[in-house]
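Working notes for the structure below.
Positions are given from 1 along the sequence. Predicted model, so just to flag it, every value in this text is computed and none were measured. Excluded from the calculations below are hydrogen atoms, water molecules and symmetry mates; all remaining heavy atoms, backbone and side chain alike, are included.
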Amino acid sequence: MKINYRQLSVMIFFSFISLKFLVLPSVLYLHSGNMSWLVVLVLMILDGLFAISIIDLMKKNQDSNINEFMNNTIGPVLTKIFLAVLALKFFLQVANIVKGLEFFVVENFYNNFSWILYILPLIGLTSFMMYKGLRNIARVQEVFCWSIVIGCIYIGCKSFSGVDPLVYLPMFKDGAVPLFESGYRHLSWFGSSTFLLILFGKVDFQNPRKKLCIKYIIFAIILVQFIYFIFYGLFDITSPTHTFAISDISQFTSSKSIIDELSWLVVSLWVIMQSIQIALYGYCLVLSLMYLFHIKSKIVVITFVNILIFALSYLGAETINLEQIFFTPFASIVTIISQYIIPPILWIGYMVRHRRQNKISGVKNEKTKVNI
């Protein structure tokens with residue numbers, strides 16, 4: 001079954017905020033300083049523009065899935081390459097959230113939390129959601145959307161009095177070049193609209209409210225900027241030591257207590273939201289692999305993805321510092337191709353095909369008139 005336009009808008013909103021409130025604010029400050037908010041703003045606006053562009057393309061091709069659409073517009077060779085890049089992007093997003101969420105749970109729940117007790121329930125939950133499909137994921141997001149938004153706004157407003165606006169001055173003290181470098185270095189946390197490519201043919205665009213999706217995108221950008229303003233305004237040069245922005249802000253609002261009822265609520269909601277995002281990106285990874293290798297059994301691919309998630313968690317817990325993967329040029333290049341190169345090429349392919357079809361149709365009409 002297809003999802004409706006409102007569910008699509010909520011999905012985009014979640015995708016835009018999901019990776020922004022945990023590790024990113026602290027690591028971003030190391031490279032962008034007090035201008036980190038500007039890096040996030042520019043990249044989120046770019047993501048928003050590409051999201052609108054992809055949705056436009058989806059509306060014009062409502063009856064084709066992404067595999068059929070790409071084969072018809074750019075040919076089978078490029079289709080295979082692009083599906084492989086998309087699969088890599090979704091894999092990186094799943095890995096990023098899985099590791100970030102694990103650290104988040106350990107810090108906010110138990111210091112000696114066993115990774116096996118974390119990963120097995122997570123795999124069970126996300127597997128069920130992936131198997132049930134896109135509509136199930138969309139409905140769960142609808143249920144939790146506004147509670148998460150209200151929670152974020154509440155802790156932000158409660159902390160507002162502790163913000164020092166002077167930490168944002170002077171601006172551009174090191175010039176603009178470090179901001180470009182920082183944006184490239186942290187690109188793997190963006191590319192928030194890439195998942196829309198897998199949703200071709202899965203959205204019901206009948207009677208959509210045209211500006212609804214744009215409103216959700218704008219609201220997501222404003223909410224992220226609000227939380228970043230609070231976070232950097234509270235912690236300034238100590239920001240890199242505050243690993244998880246949303247929980248550290250919530251603890252600040254609780255008179256610096258370790259964790260109270262509000263913090264528990266925020267932590268619980270954020271764990272739920274991150275789990276939903278793992279299911280969404282996992283679902284996109286499953287479909288991209290099914291299209292790429294012509295696999296018909298969803299269960300087989302879901303099992304493979306679960307093995308990957310389990311292996312990632314094990315390696316991260318036992319042997320390697322997995323989060324360093326997301327700082328490599330490889331991760332940034334994958335995001336550039338999947339988010340900023342594939343959609344324009346698909347648009348060009350669509351326009352060329354459309355123009356060719358119009359020419360063929362025009363020739364047929366001329367022949368018909370001549371015969372008459």
Side-chain angles (χ1 to χ4, degrees), residues 2-22 24-25 28 36-60 62 66 86 89-90 93 97 134 137-153 156 183 186-200 202-205 207-230 245-246 270 273-274 276-277 280-281 284 335-336 338-344 346-347:
K2 294 184 176 183
I3 61 173
N4 60 42
Y5 195 70
R6 182 181 182 279
Q7 289 171 328
L8 177 68
S9 301
V10 172
M11 216 169 247
I12 292 170
F13 175 79
F14 266 77
S15 181
F16 268 63
I17 70 171
S18 63
L19 287 172
K20 307 301 190 298
F21 295 164
L22 294 182
L24 181 59
L28 197 60
S36 297
W37 63 271
L38 183 60
V39 175
V40 176
L41 177 63
V42 171
L43 290 176
M44 287 191 74
I45 290 173
L46 276 175
D47 282 0
L49 294 173
F50 275 88
I52 295 166
S53 171
I54 295 170
I55 290 171
D56 234 12
L57 198 57
M58 291 167 69
K59 287 180 183 177
K60 298 178 186 298
Q62 297 183 36
I66 187 62
L86 290 174
K89 174 60 179 174
F90 299 136
Q93 286 178 303
I97 299 175
L134 190 64
I137 296 170
R139 283 176 171 173
V140 175
Q141 285 184 334
E142 279 186 301
V143 170
F144 288 102
C145 180
W146 288 108
S147 59
I148 289 171
V149 169
I150 291 169
C152 290
I153 293 174
H186 299 93
L187 265 183
S188 58
W189 271 270
F190 297 86
S192 308
S193 56
T194 308
F195 80 98
L196 291 171
L197 293 169
I198 303 299
L199 270 55
F200 266 67
K202 301 183 183 302
V203 182
D204 183 2
F205 285 107
N207 303 318
R209 287 179 284 173
K210 293 182 179 179
K211 296 181 180 179
L212 182 64
C213 186
I214 297 175
K215 288 177 181 177
Y216 272 88
I217 290 172
I218 293 172
F219 183 51
I221 294 172
I222 292 172
L223 181 62
V224 169
Q225 287 297 307
F226 174 64
I227 294 298
Y228 275 58
F229 174 77
I230 299 295
I246 199 71
W270 210 256
M273 192 187 89
Q274 296 296 86
I276 299 170
Q277 289 305 111
L280 173 62
Y281 293 129
C284 292
T335 301
I336 288 171
S338 60
Q339 171 81 359
Y340 307 122
I341 293 179
I342 291 179
L346 293 182
W347 260 109

Check for a donor-acceptor pair, side chain of Lys202 on one end and backbone N or O of Ile198 on the other, with a separation under 3.5 Å. no
Which class fits the ring pair Tyr281 and Phe90: parallel under 30°, tilted 30 to 60°, perpendicular over 60°? parallel
Tyr216 vs Phe13 aromatic rings, parallel, tilted or perpendicular, using cut-offs 30° and 60°? perpendicular
Do Phe144 and Met273 have side chains that get closer than 4.5 Å, going by heavy atoms? no
Between the side chain of Tyr340 and the main-chain N/O of Leu46, is any donor-acceptor distance below 3.5 Å? no
Does any non-hydrogen side-chain atom of Trp189 lie less than 4.5 Å from one of Leu28? no
Give me the atom names and distance for the closest heavy-atom approach of Ile66 to Phe200. N-CB, 3.5 Å
Distance check, rounded to the nearest 0.5 Å: Met58 atom CE versus Leu346 atom CG? 12.0 Å
Non-hydrogen atoms of Cys213 and Ile55 that approach each other most closely: SG-CD1, 3.2 Å
Hey, what do you get for CD (Gln93) to OG (Ser192), rounding to the nearest 0.5 Å? 7.5 Å
Please identify which of these residues, Ile137, Leu199, Asp204, meets the side-chain contact (heavy atoms from CB on, under 4.5 Å) condition with Ile3. Leu199
The single option from Ile12, Asp47, Leu196, Ile217 that satisfies side-chain contact (heavy atoms from CB on, under 4.5 Å) with Ile52 is Ile217
From Trp347 atom CH2 to Ser53 atom OG, the distance as rounded to the nearest 0.5 Å: 6.0 Å
Nearest 0.5 Å please: distance from the CH2 atom of Trp37 over to the CE atom of Met44. 14.0 Å
Compare all side-chain heavy atoms of Leu223 with those of Phe16 and state whether any distance is below 4.5 angstrom. no
Please report the interatomic distance CG(Leu43) to CG(Leu38), rounded to the nearest 0.5 Å. 9.5 Å
I would like to know whether Gln7 and Glu142 meet side chain to side chain donor-acceptor pair (under 3.5 Å); could you show each step before the answer? CA-CA 7 Å; Gln7 289 171 328; Glu142 279 186 301; 3.1 Å; yes
Lys89 and Ser188 have their tightest heavy-atom pair at NZ-O, 3.5 Å
Within this structure, what is the CD1-CG distance for the pair Ile54 and Leu197, rounded to the nearest 0.5 Å? 4.5 Å
Got Leu8 and Phe205 here, is their nearest side-chain heavy-atom distance under 4.5 Å? yes
With distance as the sole test, does Gln62 use its side chain to make a donor-acceptor pair with the main-chain N or O of Lys59 at under 3.5 Å? yes
Do the non-hydrogen side-chain atoms of Leu280 and Gln141 ever get within less than 4.5 Å of each other? yes
Checking side-chain contact (heavy atoms from CB on, under 4.5 Å) against Phe190, which of Val39, Leu24, Val42, Leu19 comes through? Leu24
Of all heavy-atom pairs linking Pro343 and Ser338, the shortest is CD-O, 3.5 Å
